[in-house]
Amino acid sequence: MPLDINAILAETRGRNFELFEDHVNPVFVKVLRTLGFNRSWVRGEGPYLWDEAGTRYLDFLTNWGVFNFGRRHPAIRGALQQVLDSDFPGWVGFDAPPLAAALARELVKRMPPGLDTVYFSNSGTEAIEAAIKFARAYTGRPCTAHLAKAFHGLTMGALSLNGEASFRRGFEPMLPGSSEVKLGDLSGLEARLARGDVAAFVVEPIQGKGVNIASNEYLLGAQDLCRKYGTLMICDEVQSGMGRSGRFLASQWIENLRPDIICLSKALSGGYIPVGATITRRAVYDSVYDTMHRAIVHASTFGMGNMAMAAGLASLSVLDDENLAERANELGARFRNGIEAMVPRFEFLKGVRQRGLMIAIEFGQPESISLRAAWSMVNKMDENLFAQAIVLPLLDDHHILTQVAGHAMPIVKILPPLNISDADVDWFLEALEDVMVKLHKFPGPAWEVLKKLGSHALTAKRREGRAATI
Ligand SMILES: Cc1ncc(COP(=O)(O)O)c(C=O)c1O
């Protein structure tokens with residue numbers, strides 16, 4: 001009998017959390033239950049998700065930036081359907097897959113001059129692993145430099161470049177010689193590069209954690225230093241690339257920025273098939289694959305699959321056909337204007353960091369005495385709590401999925417699909433306004449929920465003897 005996926009979905013609906021607890025990750029289920037994210041999703045289309053009660057949600061989490069084109073985009077589905085229906089063989093192994101060659105050609109067209117060669121993998125972290133290995137091979141040096149608060153993935157090499165200690169804890173030692181430098185501090189970077197052992201400086205032009213936007217001066221200065229000391233500059237555009245920032249690459253906002261390696265993933269998948277790409281100069285590539293003996297010295301069994309390559313090709317054409325990088329700029333401005341207009345009215349609301357549709361909403365200590373008391377109460381309970389005070393009612397009361405921007409940051413981040421409507425932006429702005437109105441009443445019901453959540457966090461902290469991040 002053919003496998004009936006719908007029957008499996010029906011049979012597990014509502015029981016998925018128990019099953020996941022039993023056989024996958026019970027701690028994550030606890031987090032979902034504590035935050036009220038334990039909903040049963042039954043449908044996704046465009047920027048929306050529906051739960052089993054038929055309620056429609058706006059997905060501004062987008063699996064951390066995967067769904068630039070929303071869910072079930074017809075052009076991407078159509079391309080994948082063609083691959084499924086064709087008898088063209090993939091993964092022959094000893095082959096030069098034509099769809100990979102075609103996707104590489106399309107990516108190169110969109111790169112800064114000189115970046116003409118692509119290595120394909122299956123995730124963001126693998127794109128970074130390849131970049132680290134390529135930089136080591138090309139320079140003959142062992143070390144790397146990365147920024148505080150950086151996130152480049154969680155495999156060992158990428159983890160060594162993680163600017164957040166809690167991710168690394170328990171997995172040490174990291175790659176030898178990985179050094180953290182501060183965003184904006186060119187003299188700190190120079191001091192590190194001057195030792196002459198750094199293969200690569202790895203940088204997100206816009207950091208995913210907190211949406212910290214590196215200035216043009218910093219990135220151009222870092223580029224000069226990299227050239228001066230023979231270090232390769234790697235731009236991690238896994239999240240900021242694919243039109244998200246309002247250009248194809250966030251680094252393309254800066255004239256004359258010419259990274260040696262660019263990493264892409266996430267939205268290149270079209271929201272369907274994981275894919276990663278590490279794009280570099282021919283000379284760097286040749287330093288890795290330098291003899292026939294070493295022709296596949298860095299590779300992966302599932303790299304360059306037909307489905308992944310078709311998803312990548314379809315994603316690029318949707319981005320162009322629908323002019324979505326430009327649309328990201330228009331929509332980003334609408335968000336920014338709407339949020340900035342609220343700042344004078346709400347003491348907790350401090351501002352917005354935004355480029356295209358990478359958006360962080362910043363909160364901070366209020367002026368008035370009673371709200372200050374509320375602010376210090378929640379921050380004492382848990383430094384991650386305040387941002388949850390926004391994320392939770394956005395989900396519960398307004399049916400919008402958002403995220404806390406990172407550990408111990410009073411910042412909420414949104415990564416909407418690039419093809420949402422103006423009405424979707426207004427849905428969010430009205431929701432944010434309502435959440436703000438309620439949070440500015442202390443004491444009040446909005447704070448009761450937080451207190452409950454906070455006491456949960458305190459109990460967890462005591463039990464675990466370390467900071468519980470919820
Ligand atoms: C900037 C950046 N680089 C790398 C990664 C790692 O990608 P993946 O989760 O596909 O390994 C992420 C994931 O969030 C990211 O945001």
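Read the numbers this way: they start at 1 and go in the same order the structure lists the ligands and their atoms.
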- Message: Go through it in stages, so that I can follow the logic: the residues are Val211 and Lys413, the test is side-chain contact (heavy atoms from CB on, under 4.5 Å), and I'd like the CA-CA distance, side-chain angles, deciding distance and then a yes or no.
- Response: CA-CA 8 Å; Val211 190; Lys413 178 173 157 193; 3.8 Å; yes
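- By the 4.0 Å N-to-carboxylate-O rule, Arg327 lies close enough to Asp422 to be salt-bridged with it.
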- Could you walk me through whether Tyr57 and Tyr48 pass side-chain contact (heavy atoms from CB on, under 4.5 Å), step by step? CA-CA 5 Å; Tyr57 292 71; Tyr48 309 117; over 6 Å; no
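- The 4.0 Å heavy-atom shell around ligand 1 contains residues Ser123, Gly124, Thr125, Phe151, His152, Gly153, Glu204, Asp236, Val238, Gln239, Lys266, ordered by chain and number.
- Using a cut-off of 4.0 Å between Lys/Arg side-chain N and Asp/Glu carboxylate O, Asp260 and Arg227 are scored as not salt-bridged.
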- Query: Could you go step by step and tell me if Asp396 and Arg39 meet the salt bridge (Lys or Arg N to Asp or Glu O under 4.0 Å) rule?
  - Reply: CA-CA 11 Å; Asp396 281 340; Arg39 310 196 174 210; 2.4 Å; yes
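- Phe69 places none of its side-chain heavy atoms less than 4.5 Å from the side chain of Pro417.
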